[in-house]
Structures are given as structure tokens and as C-alpha cells.
There are 4 protein chains.
Amino acid sequence: MWLTIDLRSETAIYLQIRDQVIQGILLNELKIGESLPSVRQLAADLGINMHTVSKAYNLLKQEGFIQIHRQKGAIVNAPNSYQASEEYYEQLKKAVKPLIIESSCRGISKGYFYKICEQIYRNIGLLEKGG
Amino acid sequence: MWLTIDLRSETAIYLQIRDQVIQGILLNELKIGESLPSVRQLAADLGINMHTVSKAYNLLKQEGFIQIHRQKGAIVNAPNSYQASEEYYEQLKKAVKPLIIESSCRGISKGYFYKICEQIYRNIGLLEKGG
Amino acid sequence: MWLTIDLRSETAIYLQIRDQVIQGILLNELKIGESLPSVRQLAADLGINMHTVSKAYNLLKQEGFIQIHRQKGAIVNAPNSYQASEEYYEQLKKAVKPLIIESSCRGISKGYFYKICEQIYRNIGLLEKGG
Amino acid sequence: MWLTIDLRSETAIYLQIRDQVIQGILLNELKIGESLPSVRQLAADLGINMHTVSKAYNLLKQEGFIQIHRQKGAIVNAPNSYQASEEYYEQLKKAVKPLIIESSCRGISKGYFYKICEQIYRNIGLLEKGG
DNA sequence: GTGGTCTAGACCACG
DNA sequence: GTGGTCTAGACCACC
């Protein structure tokens with residue numbers, strides 16, 4: 001199972017699931033039209049409650065990443081369903097801004113910040129090839 | 001008053017205060033050794049609970065940005081007190097990673113992501129000159 | 001085959017079938033006394049479960065639109081079998097009311113709402129001529 | 001309490017709450033900036049579970065009708081937050097179409113359908129004056 | 001006090 | 001089998 005959660009993390013479990021499904025889509029571990037595990041199945045595998053998984057799936061549905069079919073369960077959407085919108089750009093900016101401000105305040109230069117981003121992008125790229 | 005909060009925001013008020021104090025330090029609106037408004041004062045000005053301001057100040061203290069004196073109140077520390085640590089790098093990475101993953105998944109290229117960051121850096125620079 | 005279903009729709013499949021059979025009757029694609037496809041046939045054509053088709057047919061029977069013969073299968077009834085009753089008026093009102101309320105709340109005027117209805121009626125009329 | 005639910009109804013409780021809150025906004029029983037009852041309060045008043053109310057409130061938030069403040073609870077938004085969008089028009093059409101088709105099939109003329117709508121609009125108008 | 005999250009277990013609609 | 005709804009009761013963060 002490619003999906004793991006950290007019960008000790010600050011991040012809510014349902015958000016961890018959401019983030020990892022998005023990562024799975026990006027890394028092509030989850031292909032368009034592919035099914036996610038059923039709510040009950042994933043809950044059992046992760047040792048958590050059904051409703052927590054359901055909440056994650058509903059959020060992903062609302063954000064356009066997946067569809068939820070009556071019987072077939074959750075299906076990965078095509079990219080056009082979750083293409084970045086104006087609204088998302090604003091949201092992204094709002095999320096990045098405080099990180100840049102704090103890191104700058106703590107003495108991290110723009111160049112160094114980009115170096116960190118570069119590491120993350122490289123990391124993703126490697127995973128994409130490996131996966 | 002340079003500090004404003006948005007009650008409608010998703011972000012907790014005490015975190016909004018924290019973020020803006022850090023921004024104030026970065027932009028040199030708050031200089032080393034300078035005092036922050038008293039807990040009572042700020043709470044009254046913003047029309048919020050004292051506990052909330054207190055929580056923000058305690059977090060800032062814990063993160064090394066300020067000291068809290070019984071008499072003089074909250075005082076801005078010198079940069080060496082909050083210089084980025086290994087721990088902070090890891091934390092920063094963990095915060096940036098899901099943003100990069102989601103934005104990539106939504107079709108935002110690395111170049112475009114950096115363009116957004118660049119805007120934010122420019123924005124801060126302008127404020128520095130202006131302030 | 002004039003009947004198509006959308007597996008991605010929120011609407012249950014058996015209700016989609018029901019709605020389209022009613023539309024077929026209205027547009028005279030299905031004439032009085034004409035047979036509907038057999039449960040097996042339709043299920044195979046649509047690639048869905050027999051139970052689902054069966055459920056739709058039973059609902060249509062219960063609502064007076066069709067009769068189900070052991071040998072001849074499902075047969076379209078004459079209009080007097082499904083003429084609007086007092087009960088149906090109430091049901092229709094209950095269905096329309098929340099739509100009018102929400103649309104009014106969202107700033108859609110009565111005139112505009114009627115304009116939307118007019119479009120739908122026109123659409124049906126065109127289909128009637130075309131079909 | 002202006003809000004009542006029907007436990008025997010086909011409509012899910014959380015949707016009944018949603019619909020009635022929207023009605024309350026339309027009829028100006030709930031004014032801009034006004035607070036809805038707290039999740040716990042309303043649940044207790046209606047004799048239902050907290051989560052059911054919470055689900056309704058979250059849906060209303062998502063649809064732009066209300067904001068959910070950390071401490072102040074749910075607050076009614078200004079109309080511009082839930083103005084009809086293109087997307088909503090399509091959704092409305094899709095909801096109205098099968099009602100028009102079935103009613104036409106059952107022998108209800110366009111004129112009579114509008115008469116029914118007229119009744120509903122009048123009903124709302126009277127309530128607006130009365131409330 | 002508020003809402004948010006999570007658990008545990010039930011019943012139902014759909015296919 | 002699937003997801004959707006509802007209940008009951010717990011703990012937490014925020015203010």
C-alpha cells in the first residue's frame with residue numbers, strides 16, 4: 001500500500017490522505033480512470049475510521065480530483081477537472097506568503113529558498129521515474 | 001496600527017498575529033529591542049480576547065522572536081535568536097512540499113511557481129522601501 | 001438506442017431510466033401499446049445490472065406509465081393511466097418550491113426563472129418535431 | 001424556532017436544514033451578519049445529532065450562504081457571496097427539466113405549470129410581508 | 001462557550 | 001459489495 005499516515009502528525013488524518021492521493025496522481029501511481037481503494041478497505045488498511053476516509057474522498061471530489069461512483073467507488077479524474085483556477089492561484093499565494101516571510105526573517109535568502117524548492121521538485125522527478 | 005486581523009479568515013487569530021509580528025520584524029517596522037504593544041492594549045485595539053494575544057506572544061517567545069519581560073512587556077530579539085535551524089529547515093520543507101505537489105498536479109510548472117514566489121519577494125521588497 | 005445513461009451523474013441510474021422513458025412517452029418516441037426493451041436486453045445494451053432496469057420498470061408501472069406483462073414485457077399505457085392527480089400536484093409543488101426559493105435567494109427573478117422554463121419547453125417542442 | 005424538520009421525509013435532514021436556512025435568508029428572517037443557532041443548540045432544539053447540523057452548515061458555507069467563525073458560529077453572508085453563477089444556472093436547468101417533462105407527460109400544460117409556480121412565488125411574497 | 005476531528009456502530013439506497 | 005446518512009460520545013483547538 002503506497003499510502004501511509006502519521007497519527008502523531010499535526011495535520012488531520014483526512015488531509016494527509018488527501019495530500020497523498022494528490023501526490024499519487026502527480027506521480028502517476030494513480031492513473032486517470034483508476035479506482036481508489038473503497039472507503040471501508042482503506043479505513044481497515046490504515047486502521048482508522050471509515051468516516052475519516054470518506055471525508056478525505058469527499059474533499060477530493062469537491063476539489064475535482066476524483067469522482068465518486070455509486071458502485072465503482074472513487075475514480076481518478078482527468079487533469080482538466082482540477083486545472084489551476086484564478087481562485088487556486090490566490091489560495092496558493094496566501095499559503096506561500098507566510099512561509100517566505102518567516103524564512104526570510106530567519107535569514108534564509110531567496111536563492112536558498114529556491115534551492116529547497118528545487119530539492120522538492122527533484123525529489124518528485126526521481127519518484128516519477130522510479131515509480 | 002500596522003497590525004490587522006481578518007476574523008473571517010480560516011487562519012486562527014493568534015497565528016495571524018504571530019505572522020504579522022514576524023512580517024513587522026522582517027520589514028523593520030519592529031526594530032531590535034523595541035516593545036510590542038501590551039497584551040491588554042493589543043487585545044483592546046483588535047477587539048479580541050486577551051488570551052488570544054497572549055497565546056500569540058508566547059508562541060513568538062518560544063520561537064525566539066521576542067522576549068517577555070514582566071515589566072517592559074514583549075521585546076523584539078536580535079536575529080541570532082531566531083536564525084533558521086536544521087529543525088526549521090525540515091519544518092519549512094514539510095510545509096512547502098504539499099504546496100508544490102498540489103500545484104504541480106494542477107498543472108502549475110516549476111517556472112510559474114517561482115514566478116509566484118518572485119511576486120511575493122518583490123511585494124515584500126516594495127514594502128521594505130515604502131515602510 | 002434513444003436511451004442513454006450517465007454513470008457519472010449524481011442521479012441514480014434507475015431514475016435516469018425512468019426519466020428517459022417518460023421523456024420518450026412525451027415525445028411520442030414510445031407510443032401507446034408499444035413495448036419497451038426487455039429487462040435483459042436493456043441491461044445488456046446499457047452495460048448495467050438487470051436489477052437496476054427492473055427497478056426502473058417497476059417504478060414506472062407503479063406510477064401508471066407502463067404495464068408489465070409476463071409474456072409481452074413492458075407496454076406503454078394510455079395517458080389516462082398517468083394523468084396528474086391531486087397527489088401528484090402536491091408532489092410537484094414540493095419539488096419545485098425549494099428550487100424557486102434557492103434561485104430567488106441567489107438573485108434570479110421570477111421573469112428569469114420563467115425564461116429558463118421557456119427554454120426547456122422550447123427544447124422539448126423542437127425535439128417533438130425532430131423526433 | 002422558525003426551523004422545523006420532518007423526520008419521515010425522503011429528504012435528508014441536513015438538506016432540510018439547508019433548504020430552510022436558505023428560505024430564512026430569502027424571507028429576511030435571517031439578516032446579513034446575523035448568527036445562526038450554534039450547532040449544538042440547533043441539534044438539541046431539533047432533537048437530532050450535532051453532526052447532522054454541522055453537515056448542513058458546512059454545505060451552506062461551501063455554497064456561499066454563510067460563514068463559519070471560530071467562536072461566533074455561523075453568520076449569514078451578503079448576497080454577493082451566493083449570487084447565481086453560470087454553473088448554478090446549469091444545475092437549476094438540470095433540476096427543473098425532468099419536472100417539466102414529467103408534468104407535461106401527465107397532461108399539465110405550460111400555463112398550468114406557471115400557475116403552480118405563481119402560487120409558490122405569491123406564497124413567498126406573502127411570507128415576506130408577513131415576516 | 002464555539003466548531004473541528006475522530007471513533008464506533010447502525011441502517012439504508014444503489015447496483 | 002459500494003457510498004450516504006444518522007446517532008452517540010469523545011477529545012481538541014480556539015477564544
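Numbers restart at 1 for each chain; the letters A, B, ... are given by sequence-line order, proteins then strands. These numbers come from the heavy atoms of this one structure, side chains and all, not from hydrogens, waters or symmetry mates.
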| message | Quick check for you: name the first and last nucleotides of DNA chain F, 5' to 3', having an atom under 4.0 Å from a heavy atom of chain B. | response |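 It runs dC14(F) to dC15(F).
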| If you take all heavy atoms of S35(C) and I75(C), which pair is closest and at what distance? |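 Minimum heavy-atom separation between S35(C) and I75(C): OG-CD1, 3.5 Å.
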| Which heavy atom in R106(D) sits nearest to a heavy atom in Y82(C), and how many Å separate them? |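 So the minimum-distance heavy-atom pair works out to CG-O, 3.1 Å.
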| request: Would you mind telling me which residue lines up with the more 5' stretch of DNA chain E, I13(A) or G73(D), judged by nearest nucleotide? | output: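 Counting from the 5' end, the first nearest nucleotide belongs to G73(D).
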Over all strands shown, is [X] touching base, sugar-phosphate only, or nothing at heavy-atom distances under 4.0 angstrom?
{"X": "K72(A)", "answer": "nothing"}
{"X": "Y57(D)", "answer": "nothing"}
{"X": "I48(B)", "answer": "nothing"}

| query | Between the side chain of Q41(A) and the main-chain N/O of S38(A), is any donor-acceptor distance below 3.5 Å? | reply |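 No, Q41(A) side chain to S38(A) backbone: no donor-acceptor pair under 3.5 Å.
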| Taking the side chain from Q16(B) and the backbone from D6(B), do they hold a donor-acceptor pair closer than 3.5 Å? |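 Yes; at least one donor-acceptor contact below 3.5 Å.
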| field | Residue whose nearest DNA chain F nucleotide is more 5′ - R40(A) or H51(A) | value |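 Residue closer to the 5' terminus by nearest nucleotide: R40(A).
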| task | Tell me which of L15(D) and N49(B) sits closer to the 5' end of DNA chain F, going by the nucleotide each one is nearest to. | result |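 Between the two, 5'-proximity favours L15(D).
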| Step-by-step salt bridge (Lys or Arg N to Asp or Glu O under 4.0 Å) determination, K61(D) to E10(B) | CA-CA 12 Å; K61(D) 172 190 167 192; E10(B) 299 277 289; 3.8 Å; yes
| request: Once you apply the 3.5 Å cut-off to both distances, tell me the Watson-Crick or G-U wobble partner of dC14(E), or none. | output: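 The answer is dG1(F), by the H-bond criterion.
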| Is there a Watson-Crick or G-U wobble partner for dA8(E) with both distances under 3.5 Å, and if so, which one is it? |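 Its partner is dT7(F) (Watson-Crick or G-U wobble, both distances under 3.5 Å).
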| request: Using distance alone, with no hydrogens and no angle criterion, decide if N58(D) and Q62(D) have a side-chain donor and acceptor under 3.5 Å apart. | output: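 Per modelled atom types, N58(D) and Q62(D) side chains form no pair under 3.5 Å.
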